[in-house]
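This report refers to the structure that appears directly beneath it.
As a basis for the values below, the full set of heavy atoms in this structure was taken, side chains included, without hydrogen atoms, waters or symmetry mates.
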Amino acid sequence: MSTPASPDPVRKPMNLHRLREMHGKGEKIVMLTAYDASFARLADAAGVDALLIGDSLGMVMQGHTSTVPVSLEDMIYHTRIVARGNTNAWVIGDLPFGSYQESIEQAIRSSVALMQAGAQMVKLEGGGWTAPVVHALTERGIPVCAHLGLTPQSVHALGGYRIQGRDEAGAATLRRHAKELADAGASMLVLELMPSAVAADVQADNPGVMTIGIGAGSRTAGQVLVLQDMLRITRGKLPRFVRDFTAEGGSIEDALRRYVAAVKDGSFPDESIHAY
Ligand code: KIV
């Protein structure tokens with residue numbers, strides 16, 4: 001039987017101001033996905049700065065082959081139970097496919113539902129077309145994390161889980177979209193599966209935005225991984241950019257602490273595998 005999360009006397013609850021301070025000082029931001037109270041509690045206690053209730057739960061929790069089938073109701077449920085297990089980490093709720101594409105009004109309604117379930121920030125996928133949505137949400141006091149590069153909700157349009165921004169035109173498009181999202185008010189930006197040099201350019205173009213990389217090299221403000229991947233619960237071949245933090249043995253807590261330490265000291269990710 002798990003015990004309720006008790007406040008860590010040393011760590012202070014994370015907020016946007018503190019995240020920005022960390023970014024300003026060059027301290028790496030450690031993000032990890034979480035989908036339930038018990039893992040949220042463990043990740044938080046290990047020192048993870050931000051918990052992402054990713055719609056990747058459709059694949060790792062629900063057994064789908066993509067994130068497309070995940071509903072807003074699913075996200076509300078998982079956000080609620082993660083928030084219950086968490087004490088200090090910043091909580092980000094993913095807007096699932098179909099919950100923000102129709103209109104700005106729909107995006108506001110969906111975001112309000114996630115915030116009321118315990119999210120402190122919402123994440124949405126997509127390029128420049130989402131800028132008016134980002135603007136509307138931030139104006140209404142809802143912090144936004146945008147998501148560029150490989151955007152899994154668009155897997156069918158992208159033709160699979162492929163590296164983005166490899167050629168000059170693709171890289172320029174990513175940089176333009178990032179600028180539009182930053183100008184619209186996004187405070188954070190997940191950069192997924194793109195050359196390290198492109199991610200570094202996006203960060204340099206938008207110094208005030210906290211870029212969080214996944215398969216995008218080490219020159220971002222922080223890193224995120226899917227919990228099941230870094231704990232090697234995911235079966236089959238893992239993407240090259242994932243490190244198995246259980247490989248050195250020990251407990252789940254040890255693996256989570258190793259992940260936090262490796263992101264903070266810059267030893268994860270390994271830059272050499274992100275040249276693409
Ligand atoms: O859904 C998710 O978990 C994500 C991360 C992989 C960034 O979007």
Side-chain angles (χ1 to χ4, degrees), residues 1-23 25 27-57 60-61 74-94 114-123 142-145 187-188 190 210 212-214 220-234 242-246 248 250-269:
M1 181 82 82
S2 67
T3 48
S6 55
D8 181 329
V10 182
R11 284 177 75 213
K12 283 199 245 150
M14 190 55 76
N15 56 42
L16 201 49
H17 179 71
R18 288 192 55 220
L19 284 166
R20 286 200 175 109
E21 267 181 4
M22 284 168 61
H23 176 45
K25 286 190 284 191
E27 179 181 341
K28 294 283 183 184
I29 296 165
V30 186
M31 188 188 290
L32 186 63
T33 67
Y35 313 103
D36 68 15
S38 54
F39 276 105
R41 184 168 52 78
L42 290 180
D44 177 38
V48 167
D49 298 310
L51 296 173
L52 169 66
I53 303 101
D55 61 356
S56 51
L57 68 84
V60 297
M61 303 292 288
D74 293 335
M75 294 308 304
I76 292 170
Y77 171 75
H78 285 277
T79 300
R80 201 171 273 142
I81 61 178
V82 164
R84 221 175 273 155
N86 176 52
T87 304
N88 291 310
W90 181 247
V91 176
I92 306 170
D94 232 347
L114 286 185
M115 299 292 279
Q116 289 184 332
Q120 293 163 312
M121 171 179 256
V122 298
K123 179 168 87 56
I142 300 174
V144 177
C145 174
S187 1
M188 218 178 242
V190 166
M210 295 169 269
I212 308 292
I214 173 163
T220 49
Q223 296 291 325
V224 60
L225 280 179
V226 168
L227 174 78
Q228 275 75 358
D229 290 349
M230 54 81 74
L231 291 182
R232 212 21 174 143
I233 295 168
T234 307
V242 174
R243 184 180 299 172
D244 172 6
F245 283 89
T246 66
E248 287 173 43
S251 63
I252 287 174
E253 284 95 327
D254 292 334
L256 293 169
R257 277 193 290 264
R258 277 199 289 268
Y259 170 59
V260 172
V263 174
K264 292 281 181 197
D265 72 18
S267 57
F268 176 80

**Closest heavy-atom pair and its distance - A40, A34** = CA-CB, 4.2 Å
**Message:** Strictly distance-based, threshold 3.5 Å: is any side-chain N or O of T234 a donor or acceptor partner for the main-chain N or O of Q228?
**Reply:** yes
**Request:** First locate atom CD1 of I29, then atom CG of L19, and finally report the distance between them rounded to the nearest 0.5 Å.
**Result:** 5.5 Å
**Prompt:** With no hydrogens and no angle check, is any side-chain donor or acceptor of D55 less than 3.5 Å from a backbone partner on D94?
**Reply:** no
**Message:** Is there a side-chain contact (heavy atoms from CB on, under 4.5 Å) between F39 and T33? Walk through the geometry before answering.
**Reply:** CA-CA 9 Å; F39 276 105; T33 67; over 6 Å; no
**Item:** Whether D49 side chain and V30 backbone form a donor-acceptor pair below 3.5 Å
**Value:** yes
**Fill in**
Taken to the nearest 0.5 Å, the spacing of L227 CG from L42 CG works out to 9.0 Å
**Request:** Measure across V48 and A50 and return the closest heavy-atom pair with its distance rounded to 0.1 Å.
**Result:** CG1-O, 3.3 Å
**Request:** Evaluate side-chain contact (heavy atoms from CB on, under 4.5 Å) for L114 paired with I76, printing each intermediate quantity in order.
**Result:** CA-CA 6 Å; L114 286 185; I76 292 170; 4.1 Å; yes
**Prompt:** Excluding sequence neighbours, so at least two apart, what forms ring pair (Phe, Tyr, Trp, His ring centres under 6.0 Å) with Y35?
**Reply:** none
**Message:** Pair L256, V260 - check side-chain contact (heavy atoms from CB on, under 4.5 Å), show working.
**Reply:** CA-CA 6 Å; L256 293 169; V260 172; 5.7 Å; no
**Asked** Donor-acceptor pair, K28 side chain versus T220 backbone, under 3.5 Å?
**Response** yes
**Message:** Pair M75, L57 - check side-chain contact (heavy atoms from CB on, under 4.5 Å), show working.
**Reply:** CA-CA 9 Å; M75 294 308 304; L57 68 84; 3.7 Å; yes
**Under 3.5 Å: donor-acceptor pair, side chain of R11, backbone of D44** = yes
**Distance, nearest 0.5 Å, that separates OH of Y259 from CD of Q223** = 6.5 Å
**Message:** If you compare all heavy atoms of P13 against all heavy atoms of N88, which two are closest, and at what distance to 0.1 Å?
**Reply:** N-OD1, 3.4 Å
**Request:** Would you check if the side chain of R232 reaches a backbone N or O of D244 as a donor-acceptor pair within less than 3.5 Å?
**Result:** no
**Test item: M31 and M188 side chains (from C-beta on) under 4.5 Å apart, heavy atoms** = yes
**Request:** Supply the atom-to-atom distance R18 CZ to K12 NZ, rounded to the nearest 0.5 angstrom.
**Result:** 5.5 Å
**Prompt:** Between M121 and W90, what is the shortest heavy-atom contact and its length?
**Reply:** SD-NE1, 3.4 Å
**Prompt:** If you measure from OG on S187 to NE2 on H23, what distance do you get to the nearest 0.5 Å?
**Reply:** 10.5 Å
**Request:** Taking the side chain as every heavy atom from C-beta outward, state whether R243 and M230 have any atom pair closer than 4.5 Å.
**Result:** no
**Asked** Which pair of non-hydrogen atoms, one from T79 and one from G93, has the smallest distance, and what is that distance?
**Response** OG1-CA, 4.4 Å
**Asked** Is R257 salt-bridged to D254, cutoff N-O under 4.0 Å?
**Response** yes
**Prompt:** Taking all atoms of both residues into account, what is the closest heavy-atom pair of L16 and P143, and its distance?
**Reply:** CD2-CB, 4.0 Å
**Request:** Find the distance between CG (L51) and CD1 (I92) and round it off to the nearest 0.5 Å.
**Result:** 8.5 Å
